[in-house]
Amino acid sequence: MAQINSSARNGRRSAGKKTAGQGASGYKRPDTARRRKPASRLQSRTIAKKPARKKYPRQGRMDISFFFLVVVLVTIGLVMVFSASYATSLYENKSGLTLVLKQSVFVAMGLVAMYVLSYIPYQLYFKLYKLIYFGCLLLTAVALLFHDSRGANRWIKFGGFTFQPSELMKFGLIITFAALISINFRQMGTIKKGILPFMMYLMPVLLVIVLQRHVSCILLMLLICGCMMLVAGSRIYYLAALIPLGLLAYPIIRMMGFTYIDTRIAAWQNPFLDIQNGSWQVVQSLYAIGSGGLFGVGLGNSTQKFLWVSEPQNDFIFAIICEELGLIGALAIILLFVLFVASGLSIAMRAPDKFSSMVVIGVVFQFGIQALLNIAVVTNSMPTTGISLPFFSAGGSATLMQLAQIGVVLNISRYCRPSIAKTDTDASESGDAPKNAPKNAPKNAPKEKAPVDTGIRIISSHDI
């Protein structure tokens, strides 16, 4: 009996042992996998010495809503340039289409630059931020060698082409400050890392711009850089302590010949006191805004553009918009700029790293602050400065540079994480079950209620 039991156990053991490639039923599957030949010793050494290729995230689709807003603003701006510049172009060039055709060429060039830059990886700007800064600073300094009829040195003239390097310097400062923030963001609350490195890069730029007699550009650069540092975590009382230093520089600026600042402040306080000396432009702008009423006089029917408002297609184009489109049209333009800033900040919140997030914030703040200051000047809410309205004011180098910066933002949007709301919507449309759903839940089981969306999205950018 013991022998029978031992033989049975031995039989079960031999039956339980399966050879390689046998299944549960004992069937031996054919071995179809090809055996790889072992690499030789020389090949293994060569493969080991080959460096690993650095992997970058793949580019996706650009932010369509942001792109659509830019196209709408550029289109409306081109139409308003044609309407506002028709009288001036007809008087100076015997053709009402001269200025708008010139602006259209720069818009086309800007759109091409925007498309090309939307495919250039933004990581390249971080690697070359010092080269970008010193290159822009050198071009801005070269403009000091060229003089115009007004006594300013802001343009580089090459043949029949003129270029304003300060427009490029704004973007260079944004790239430089974004790189410094991404490097020192953990210590932005200190003076050593959160204030001093930025001042070292900012002061040479301000010195060159002062020599160019371009006060409005100085104001815009200070506001852009200050907002970027404040968002990045610099202490507000450190930034506020720099304001008295700027006020101490005011007497020095007056000694350098900037006496027109006092005249503009006096004209701002009472524009109707002396219209012929200093406040003619502002008074005519107020007449244009008041003539528009609620719905405007109609597109192309402005009277103030007939040599009353000087250069109506440039800094004071918003006054022509108010006259022809009325309060409703002006509010629609302001709403488009608000949506532009909001869409840009949404891209910044979903950006893949700190550097790209701060680049988007800097560019968006530049457009938003510039539009706000221009509208404030046109409505006499602040003294007159030479700040143009983005996408609307005629200007070749400014338009080209603005659309190029939009291309950089669109490239960053290709790497952005999808929003939480969009992810939830895509999952529900595709029919995917939620992650916490039980595996063996019946098909007809009632769906659980989704949590209430409070609208709060807290997304922190990773370090570069």
Side-chain angles (χ1 to χ4, degrees), residues 70-111 148-150 152 154-155 157 160-164 166-167 216 280-292 295-326 329-330 332-334 336-337 367 370-371 373-380 384-403:
V70 172
V71 172
V72 170
L73 285 169
V74 170
T75 304
I76 299 176
L78 202 58
V79 172
M80 292 311 305
V81 166
F82 167 66
S83 177
S85 67
Y86 184 83
T88 304
S89 180
L90 186 63
Y91 177 76
E92 295 179 352
N93 305 296
K94 308 302 180 181
S95 174
L97 301 177
T98 303
L99 292 177
V100 70
L101 289 178
K102 183 179 179 181
Q103 181 69 9
S104 301
V105 171
F106 282 102
V107 167
M109 293 171 59
L111 291 175
D148 58 10
S149 58
R150 300 178 182 179
R154 305 174 186 175
W155 302 84
K157 298 180 181 179
F161 178 75
T162 58
F163 176 71
Q164 191 172 11
S166 60
E167 297 292 335
S216 58
W280 172 270
Q281 189 84 327
V282 176
V283 170
Q284 299 304 323
S285 173
L286 294 177
Y287 285 155
I289 295 173
S291 302
F295 297 102
V297 297
L299 184 64
N301 296 328
S302 169
T303 57
Q304 291 299 112
K305 67 184 179 183
F306 287 93
L307 307 182
W308 291 100
V309 177
S310 58
E311 302 270 341
Q313 72 277 4
N314 290 331
D315 298 343
F316 281 80
I317 193 172
F318 189 75
I320 309 302
I321 293 174
C322 293
E323 185 182 5
E324 294 188 350
L325 304 182
I333 299 300
I334 294 174
L336 286 175
F337 275 106
F367 284 82
Q370 196 166 333
L373 294 180
N374 178 270
I375 295 173
V377 167
V378 171
T379 57
N380 198 38
T384 304
T385 58
I387 295 180
S388 60
L389 184 63
F391 304 120
F392 285 82
S393 297
S397 57
T399 302
L400 183 61
M401 199 61 223
Q402 288 167 7
L403 292 176

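Counting begins at 1 with the first residue of the sequence.
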Problem - All pairs passing side-chain hydrogen bond (donor to acceptor under 3.5 Å, both in side chains) where residues 85-102 contributes a residue, at least two apart - result: none
Completion exercise
Here the gap from Phe106 atom CZ to Leu403 atom CG, rounded to the nearest 0.5 Å, amounts to 12.0 Å
Practice task
First locate atom CG of Asp315, then atom OG of Ser285, and finally report the distance between them rounded to the nearest 0.5 Å.
Solution key: 11.0 Å
Handout entry: Donor on one side chain, acceptor on other, Glu324 and Ser83, under 3.5 Å
Key = yes
Practice task
Would you check if the side chain of Gln402 reaches a backbone N or O of Phe391 as a donor-acceptor pair within less than 3.5 Å?
Solution key: yes
Problem - Nearest-0.5 Å distance, CE of residue Met80 to CD1 of residue Ile321 - result: 5.0 Å
Fill in the blank from the handout: All heavy atoms of Gln284 vs all of Trp308, minimum pair found to be CG-O, 3.5 Å
Fill in the blank from the handout: When rounded to the nearest 0.5 Å, the distance separating CZ of Phe316 from CG of Leu389 is 12.0 Å
Fill in the blank from the handout: What one should report as the nearest heavy-atom pair of Ser302 and Ile320 is OG-CD1, 3.9 Å
Practice task
Quick one: pull up OG in Ser104 and CG in Leu99 and give me the separation to the nearest 0.5 Å.
Solution key: 10.5 Å
Practice task
Identify, with sequence neighbours excluded, every residue that meets side chain to side chain contact (heavy atoms under 4.5 Å, CB included) alongside Asn314.
Solution key: Glu311, Ala394
Exercise for the section: With sequence neighbours left out, write down each residue that passes side chain to side chain contact (heavy atoms under 4.5 Å, CB included) with Phe295, or none if nothing qualifies. Expected result: Ile328
Problem - Which atom of Ile375 lies closest to which atom of Thr379, heavy atoms considered - result: O-OG1, 2.8 Å
Handout entry: Residue pairs, two or more places apart or on separate chains, that pass side-chain hydrogen bond (donor to acceptor under 3.5 Å, both in side chains) and touch residues 388-399
Key = Gln103-Thr399, Gln370-Ser388
Exercise for the section: Check side chain to side chain contact (heavy atoms under 4.5 Å, CB included) between Thr75 and all other residues, then give those that pass, not counting sequence neighbours. Expected result: Val71
Practice task
Would you sort out whether Leu111 and Val107 count as a side chain to side chain contact (heavy atoms under 4.5 Å, CB included), showing the intermediate values?
Solution key: CA-CA 6 Å; Leu111 291 175; Val107 167; 4.2 Å; yes
Handout entry: For Leu373, all residues meeting side chain to side chain contact (heavy atoms under 4.5 Å, CB included), sequence neighbours excluded
Key = Leu219, Leu220, Leu223, Ile369, Met382, Ile387
Handout entry: Rounded distance (nearest 0.5 Å) linking atom CZ of Phe318 with atom CD1 of Ile289
Key = 7.0 Å
Practice task
Take Thr303 and Glu323 through the test side-chain hydrogen bond (donor to acceptor under 3.5 Å, both in side chains) and record every step on the way to the result.
Solution key: CA-CA 9 Å; Thr303 57; Glu323 185 182 5; 3.3 Å; yes
Completion exercise
Tightest non-hydrogen contact, residues Val297 and Asn301, listed as O-ND2, 3.0 Å
Exercise for the section: Can you label the angle between the Phe392 ring and the Phe337 ring as parallel, tilted or perpendicular, going by 30° and 60°? Expected result: tilted
Fill in the blank from the handout: For Ala288 and Ala319, the nearest pair of non-hydrogen atoms, with its separation, is CB-O, 3.8 Å
Exercise for the section: Give the minimum heavy-atom separation between Lys305 and Ala84, together with the two atoms involved. Expected result: CB-O, 3.9 Å
